[in-house]
Structure formats: structure tokens, C-alpha cells
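Chain letters run A, B, ... following the sequence lines, proteins first and then strands; every chain starts at 1.
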There are 2 protein chains.
Amino acid sequence: MSTPTSSSSWDGKEMATESGFEKIQLLDSSDDAYGGVMVDLKESMDSEAFATLLRASIALWIQQGKKGIWIKLAIESVNLVEAAVKEGFRYHHAEPSYLMLVKWIAETADTLPANASHRVGIGAFVMNDMGEVLVVQENGGKFKGTGVWKFPTGVVDEGEDISIAAIREVKEEAGVETEFVEVLAFRQSHKSFFGKSDLFFVCMLRALSFNIQKQDSEILEAKWMPFDEYAAQPFVQKKEIFKSIADICLEKKNNNYSGFSAVPTTTGFSSKRSILYIHKDL
Amino acid sequence: MSTPTSSSSWDGKEMATESGFEKIQLLDSSDDAYGGVMVDLKESMDSEAFATLLRASIALWIQQGKKGIWIKLAIESVNLVEAAVKEGFRYHHAEPSYLMLVKWIAETADTLPANASHRVGIGAFVMNDMGEVLVVQENGGKFKGTGVWKFPTGVVDEGEDISIAAIREVKEEAGVETEFVEVLAFRQSHKSFFGKSDLFFVCMLRALSFNIQKQDSEILEAKWMPFDEYAAQPFVQKKEIFKSIADICLEKKNNNYSGFSAVPTTTGFSSKRSILYIHKDL
């Protein structure tokens, strides 16, 4: 079919066998740093042709001593998912536009890394100059209809800094501008969202604006409330974690507590920008 | 075909239309608390029959004002993935045994929650009674061949407490028993693993045993090293984040720093066990 120079990502490549006389077709692939192989299929092809290429490729990778085989199928290649599973691949993870499948072909123990394991959320403790705290009542979810006044909360998006997510959620839910002060505490729990674990960061923010403009779709009401009134709610007093967090916020309000500050830094090897959260008040 | 009482999870159920005269087949489904519908297909079926049931079901769900439609396909139902994508479903997430697809059918903005967004890792600062720190050299990965002595590190599994993961990794890599003391700091970075974000917790542990038995597959060498010698390594001095963390560990060693302690608690509604990490030395 194609010559080696014209091979695209889906029609495989020709490869001379050791004898030099025969040419076999293989899937295009690249090696990773851990003895693995990655196939990245962006366009679709016939599923039977794919199965044939895949079987021939796996035979070669086993000969080569490869370990983990990754196949990334764009959603446009959805017709190839069944063929990959029939060849012994399992799902690894998926995003809206692609599905990642994986197969361990070495004799040694499977050391393939796991999928992303945690969702991350924030709760925002926002004070104004009057010592009042920003609270909301939600239209939906578990708090709907309970009458409980709670801190604005939300999910940290993939690629979003915790501090930025807290500022964004307060702006979205209540229209209030803030700046990040500290992470006061965080909580880890399990089996929370499709079985994933959950990290929830309680962030203290300083209000930079005071007029409230609530979001209509998710927020029933939003207002400034004296801190003592927030903490005195039966729900807050009775639920262990809400009581603990309210106690911490009160200590913070009275300058008797310090959490972790955000310090910009870079990662070790790639020098990517990242944020280090540390205790600065030594 | 089946009567309503005999319907299984895959062969649909019969439902009287408004006229009362006609019966149509629909997929079995359950409602969620957010106006959504979940279809959980554990067994396979014919893909064309599935497509027909799916189209009829979607028509009804639109009439009912449903918003997000979730289809969970066990890997045994891989032959139905293509039909779901052809009906406009996209991938949401996948685990080894299933693929979750989703479609937003309401007129309003899509508010479907995102997939798990973060991987979580730990680094372990382990001291012995001599003021020495536990360090390792790795067989693979980015540190391979660099000669750098580093803290034991590892990935926090889904469902695993951060403190438990730190104790486990130290035991696995160096054979040393420890107890958890504090989270000294944490770092958030982005685009680290298949595009996911990354949270890395620096944990201080107290050594309860001192004999080192290194793991052979991942660890080249493990030993106790005077802290100053660890911190004096050019890599640690030159890389901003390693320098920052070494500085924090030195302050901690000298009792001039306090991180977050782990306090068992329960979550708000379900009273599930969870861990709150807070600053206890007020």
C-alpha cells in the first residue's frame, strides 16, 4: 500500500522483517520513557484492517520487550474501540474527545499508572471590613431547601489554580471581587464522585468589593452575615466538619490562626510554573 | 416483549404513551438529583436494537425536560459505544471496566460536571533520631542517572489517605516503618499527566524503624544522610522548589515551622469518614 514516507498515522508503516524479504504492516507508534509504546489514532480506518495491524504490531512489541501499550482513539475513531477491546485492551481514561486504552504485554507485574484519582473543590471564607462573612443559599444539590447559609463552594477545573478557582467561584455566585489570603485547611474524602476521591480546600479571601449580585441559576440568595450568626446555625453546630471549619475561621478572624500562603515557584525539571502552599508566619 | 415487571437492565421497558393505545420500548434508567438520567448497561445487546431504544428514550427524556443523559457501558458492552457516539454522546470518563458517555439534551447551558481533574502525589521527609534524613536514588524516571539523592515519593491511590500513602511509599521504597506527623507544604501544577493537574503533598514522617531494605525494581539505593548533606546537593540548591522545601524541612527540624496535622472527621451529609488537615499549633 503506502511507502514508508507516505504513511499517515492510521495506515501503518511497512517494516522489513529480519529476513529482509518480507514486508509487514504495523501501526505507527512512539516509545515512552518507561518501556511503553503509544499509538495515537486521530483519524478513523476500517476496523478489520485496524485489528490486523494491531495484532501484527503487538507481536513485534512483545519481541522488542515492550511493556505497556497505549492506544489513544479520537472520538472520530469510535468504530475501532471494539476491536481494541477484543485484542485484550482495557479502558484507561477518557476525555470528551478521546478514549485511552491500555494493555500490559510484559511478563513482569503491571506497573501502568492509574487514571486521575481526585476531584478538587474549594470553599471560600470571605470577610468584609465589618467582620461579616459572605454566605449563600443554593438552588440545587444537597443543600436545596435546607435553609442553610453556607460559604460559596465550587469545583477547581483541570488546569486552574486553587486560589484562582476560589476567587472565580465567589465572583460567579455573588458578584463579589476578592483577593486570595490563605488555605486555612483541607479535607480529603473518598468515594465521592463516580468513586473518585475528593480534596476540598477551605480558602480565606479578602473582599475587594461589597455589593452582592447573585447568580440566578444556582444561587437562591446571597448576603453578608455577622460571623456569629453563621456559626450559630444548628447545621454548622451539629455537623462535625462544619463546626471545625467555623472554629478555624473564628480563630483566623481573631488573628489566632495561620494557614498556608500561595508562593509562585517552578517545578523541578521542566521549570513549569507552579504554586507552593506553605506556612509563612514562622 | 417483556412486561414492565420482567424488564431487565438492557431489554428496555414498555411504556404507555399519552393516548394509552400504543406501547414503546425504552431503556431502563434512573433519575439523578440534578434533572439528569442514568442508564447503566451491564450486559451487552444488539447494537441496532440499542440505537432504536436510545432514540426513543431520548425523545421521551426531552419531553420530560431532562437535562444530562449518562450512559455507563460495561466493557462487555463495548459494541454499543459506536451507536451512542452516533447519537451525539461524548466520552465523560473511563475506568478499566467501564466507559461513561454523556449528552446534554436541554436548551439551557451544559452544566455537566467535569471528570476527575487531579493526580495526587506525596514526598516523604523522614527523620531518624540522629537528625538524619531518609533519601533514595531511583532506577527510572526523570532522576535516573542524575546521582541526586531525593525524598521517597509516590502516587496517592484513589481511595487512599494522603498520610497512609506517605507511610506506604516509605515502607515500599526503603523498608522503613514510620508514623505521620504533618503536611508541611503542598504544590499544585498543571499539564502533568495526560493533561491533568497535579497536587503534591510534602509530608513529614517520624521513623519508627531504622534498618533500610530497599526495593529493587524502582530504587537504586536508599540510605540515611545528614540533613545538611542532602540540602547541599547542587540540584537542591539550584532548583527553586527543592530549595524552598529543603528550607521548610530545616525550619521544621529546628522546631521553627508547623504544617497541617491530620484530624479524623466526617463529611457533612453522609457522615462518611474523612480527614481534615489543619494547623493545630495555635
Side-chain angles (χ1 to χ4, degrees), chain A residues 34 75 78-79 81-82 85 90-96 98-100 113-120 140 142 155-159 161-162 185-191 194 196-197 199 239-242 244 248 251 256-260 265-269 272 274-279 282, chain B residues 34 75 78-79 81-82 85 90-96 99-100 113-120 140 142 155-159 161-162 185-191 194-197 199 239-242 244 248 251 256-260 265-269 272 274-279 282:
Chain A
Y34 303 88
I75 197 161
V78 63
N79 65 313
V81 175
E82 190 175 358
V85 170
R90 64 174 196 258
Y91 303 140
H92 184 271
H93 69 275
E95 294 298 322
Y98 75 88
L99 174 61
M100 185 73 82
N115 192 357
S117 54
H118 285 66
R119 283 189 103 209
V120 179
K142 292 175 182 170
V155 171
V156 179
D157 295 330
E158 189 176 298
D161 290 343
I162 290 164
F186 64 90
R187 183 209 65 192
Q188 189 190 25
S189 61
H190 304 299
K191 304 268 171 204
F194 295 123
K196 294 291 175 183
S197 294
L199 277 162
K239 293 287 183 183
E240 189 177 15
I241 190 162
F242 284 84
S244 301
I248 289 168
E251 294 291 345
N256 290 326
Y257 186 91
S258 59
F260 282 172
T265 183
T266 52
T267 56
F269 280 93
K272 259 186 320 191
S274 64
I275 307 277
L276 190 63
Y277 291 84
I278 60 170
H279 187 196
L282 301 181
Chain B
Y34 303 89
I75 197 161
V78 63
N79 66 311
V81 176
E82 188 174 0
V85 169
R90 64 174 196 260
Y91 303 140
H92 184 270
H93 70 275
E95 295 298 323
L99 174 62
M100 185 73 81
N115 193 355
S117 53
H118 285 65
R119 280 189 108 208
V120 179
K142 293 174 180 170
V155 171
V156 179
D157 295 330
E158 189 177 298
D161 289 343
I162 290 164
F186 63 91
R187 184 210 65 194
Q188 189 190 25
S189 62
H190 304 299
K191 304 268 172 205
F194 295 123
K196 295 291 174 184
S197 294
L199 277 162
K239 293 289 182 181
E240 190 177 15
I241 190 162
F242 284 85
S244 301
I248 289 168
E251 294 291 345
N256 290 327
Y257 186 90
S258 59
F260 282 172
T265 183
T266 53
T267 56
F269 280 94
K272 256 187 320 191
S274 65
I275 306 278
L276 190 63
Y277 292 83
I278 60 171
H279 186 195
L282 300 181

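Considering only heavy-atom pairs separated by less than 4.5 Å from chain B, the leading option among Pro113(A), Ala116(A), Ser189(A) is Ala116(A). Of the listed residues (Pro96(B), Ser244(B), Ala185(B)), the one with the most heavy-atom contacts under 4.5 Å to chain A is Pro96(B). The most heavy-atom pairs under 4.5 Å with chain B, out of Glu158(A), Gln188(A), Met100(A), come from Gln188(A). Residue with the most contacts toward chain A among Lys239(B), Lys142(B), Glu82(B), His118(B): His118(B) (heavy-atom pairs, distance under 4.5 Å).
The aromatic ring centroids of Phe260(B) and Phe260(A) lie less than 6.0 Å from each other.
The CG atom of Leu276(B) sits 5.0 Å away from the CD1 atom of Ile241(A) when rounded to the nearest 0.5 Å.
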Yes or no on side chain to side chain contact (heavy atoms under 4.5 Å, CB included) for His279(A) and Ile248(B), after CA distance, side-chain angles and deciding distance?
-> CA-CA 9 Å; His279(A) 187 196; Ile248(B) 289 168; over 6 Å; no
Steps toward side chain to side chain contact (heavy atoms under 4.5 Å, CB included) verdict (Ile275(B), Arg187(A)) | CA-CA 5 Å; Ile275(B) 306 278; Arg187(A) 183 209 65 192; over 6 Å; no
Using the side chain to side chain contact (heavy atoms under 4.5 Å, CB included) rule, take Phe186(B) and Ile162(A) through it: C-alpha gap first, then chi angles, then the decisive distance, then the call.
-> CA-CA 11 Å; Phe186(B) 63 91; Ile162(A) 290 164; 4.0 Å; yes
Dump the intermediate steps for side chain to side chain contact (heavy atoms under 4.5 Å, CB included) on Ile278(A) and Tyr257(B), then the final yes or no.
-> CA-CA 10 Å; Ile278(A) 60 170; Tyr257(B) 186 90; 3.8 Å; yes
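If you run side-chain hydrogen bond (donor to acceptor under 3.5 Å, both in side chains) between Asn115(A) and each of Arg119(B), Glu95(B), His93(B), Lys196(B), only Glu95(B) comes through.
In terms of heavy-atom proximity, Ser117(B) sits nearest to Asp157(A) at CB-C, 4.5 Å.
A donor atom on one side chain and an acceptor atom on the other are found under 3.5 Å apart for Glu240(A) and Thr266(B). Checked by atom type, the side-chain pair Asp161(A)/His190(B) shows a donor-acceptor distance below 3.5 Å.
Neither the backbone nor the side chain of Val155(A) comes within contact range of chain B; no heavy atom of the residue lies under 4.5 Å from a heavy atom of that chain. For chain B, the nearby part of Phe242(A) is the side chain; its heavy atoms alone come within less than 4.5 Å. If you measure heavy-atom distances from Lys272(A) to chain B, the contacts under 4.5 Å come from the side chain alone. Of the atoms belonging to Tyr34(B), it is side-chain heavy atoms, and not backbone ones, that fall under 4.5 Å from chain A.
By the neighbour-count criterion of 12 heavy atoms within 6.0 Å, atom NZ of Lys191(B) is sparsely surrounded, having that number or fewer from other residues, nucleotides or ligands.
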